[in-house]
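Structure record follows, encoded as structure tokens.
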Amino acid sequence: MSKKSQLNVGILQQDLVWEDQQANRDQFEAVLNDIASKCDLVVLPEMFTTGFSMNAADLWEPVDGPTTQWMQQMAAKYNSAITGSIIIKQDDHYYNRLLFVYPDGQYKTYDKRHCFTLAGEHEVYTAGTERLHIELHGWLICPLICYDLRFPVWARNTSNYDLLLYVANWPKTRIKAWDTLLQARAIENMSYCVGVNRIGDDGNGYPYVGHTAVYDPLGERISTADFESPIAEIVSLDAAYQDKVRDKLRFLNDRDSFTLEV
């Protein structure tokens, strides 16, 4: 497939209703009505139907459950891919699973590799073992989840992807790390980098201030919305600009070769 010159990415930062899947689907659907038809891809936060909950036993959905079906409906309605993570149960294991849903209803999945041990996520959810690379309109995309951001080897651009994206529930107390690491991932991988976080307080009383952002291959923030308010913004990624930067600087040509053991 030939590469689309501009990839229009919708970034949706919202306050999540704690552990209420239907309420969260409803609020995102209302926001999607405003922007999704102009997007090639819409990015929702981590666990966008529940918030970052360890109550998987009560909140899990099957692989093709209500939220998967909702994402398929939204993708078809707006002819736009849509991605975000939810709680999935499969083969008696719970997963923090990202779904990447295409307009035709097909989808691919990525299970969060790095479970957040500080919150006991590793005691509830099974860690993934494989990275996912997705093609959309000729763009190669590497989707990851929240805590994965702290582990640059897992994100290293050994496959010449064009877009690195993170869906997250990243708390206010460590928001400086979020800002810094998102920018660093863009710079070191010479790639557009999208990070979509949430705002508001969760059911455990932890505050989130968002800082959803899009960075270009040189680490410049190209999203314009207010960091800490609800966001429904479309950002255009320019393939020719990224190619020009990579061709001029050629930093990726000097990257190290290595093998990941999981």
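It should be emphasised that the depicted structure is a prediction, and the values quoted were computed from it without experimental measurement.
- Contact annotation: the side chain of Lys3 never approaches that of His137 to less than 4.5 Å [non-hydrogen atoms, C-beta and beyond].
- Residues Arg150 and Arg174 have side chains in contact (heavy-atom distance under 4.5 Å, counting atoms from C-beta outward).
- The closest side-chain heavy-atom distance from Pro45 to Val167 is not below 4.5 Å.
- Taking the six-membered ring where the residue is Trp, Tyr147 and Phe116 present perpendicular rings, their angle passing 60° and hence far from 30°.
- In this structure, Tyr161 and His133 have tilted ring planes: the angle between them lies in the 30° to 60° band.
- Between the side chain of Tyr102 and the backbone N or O of Ala75, no donor-acceptor pair lies under 3.5 Å.
- Summarising the local packing, NZ of Lys89 is surrounded by more than 12 heavy atoms from other residues, nucleotides or ligands at distances under 6.0 Å.
- Classification of the Tyr94-Tyr125 ring pair by plane angle, with boundaries at 30° and 60°, yields perpendicular.
- Between the side chains of Gln21 and Thr49, not a single donor N or O lies within less than 3.5 Å of an accepting N or O.
- The backbone N or O of Gly51 lies less than 3.5 Å from no partner atom in the side chain of Asn169, so there is not a single donor-acceptor pair.
- Sorted by first and then second residue, the salt bridge (Lys or Arg N to Asp or Glu O under 4.0 Å) pairs with a member in residues 37-52 read Lys4-Asp40, Glu46-Lys112; sequence neighbours excluded.
- Ile82 is not connected to Val196 by any chain of hydrophobic side-chain contacts under 4.5 Å among Ile, Leu, Val, Met, Phe, Trp and Tyr, and they are in different clusters.
- A 6.0 Å sphere centred on OH of Tyr206 holds no more than 12 heavy atoms belonging to other residues, nucleotides or ligands.
- Ion pairing between a basic and an acidic side chain is recognised when a charged N comes within 4.0 Å of a carboxylate O; Asp111 and Arg97 show such pairing.
- Screening Thr173, Asp202, Asn197, Asp201 against Tyr208 for a side-chain hydrogen bond (donor to acceptor under 3.5 Å, both in side chains) leaves a single residue, Asp202.
- Relative orientation of the Phe48 and Phe28 rings is perpendicular, given thresholds of 30° and 60° on the angle between their planes.
- Two residues are said to be in side-chain contact when any heavy atoms from C-beta on lie closer than 4.5 Å; Thr83 and Leu98 meet this criterion.
- Between Tyr192 and Leu7, every side-chain heavy-atom pair lies at or beyond the 4.5 Å cut-off.
- Between the side chain of Arg185 and the backbone N or O of Leu182 there is no donor-acceptor pair closer than 3.5 Å.
- Residues Met71 and Ile11 do not share a hydrophobic cluster, defined by chaining ILVMFWY side chains whose heavy atoms lie under 4.5 Å apart.
- With hydrogens and angles disregarded, a donor-acceptor distance shorter than 3.5 Å links the side chain of Ser223 to the backbone of Val214.
- Within the 4.5 Å cutoff, side-chain heavy atoms of Leu41 are placed close to those of Ile141.
- With hydrogens and angles ignored, the 3.5 Å screen pairs no side-chain donor or acceptor of Thr109 with any backbone N or O of Leu99.
- Under the 3.5 Å distance criterion, with hydrogens and angles disregarded, no donor-acceptor pair is assigned to the side chains of Asp179 and Tyr215.
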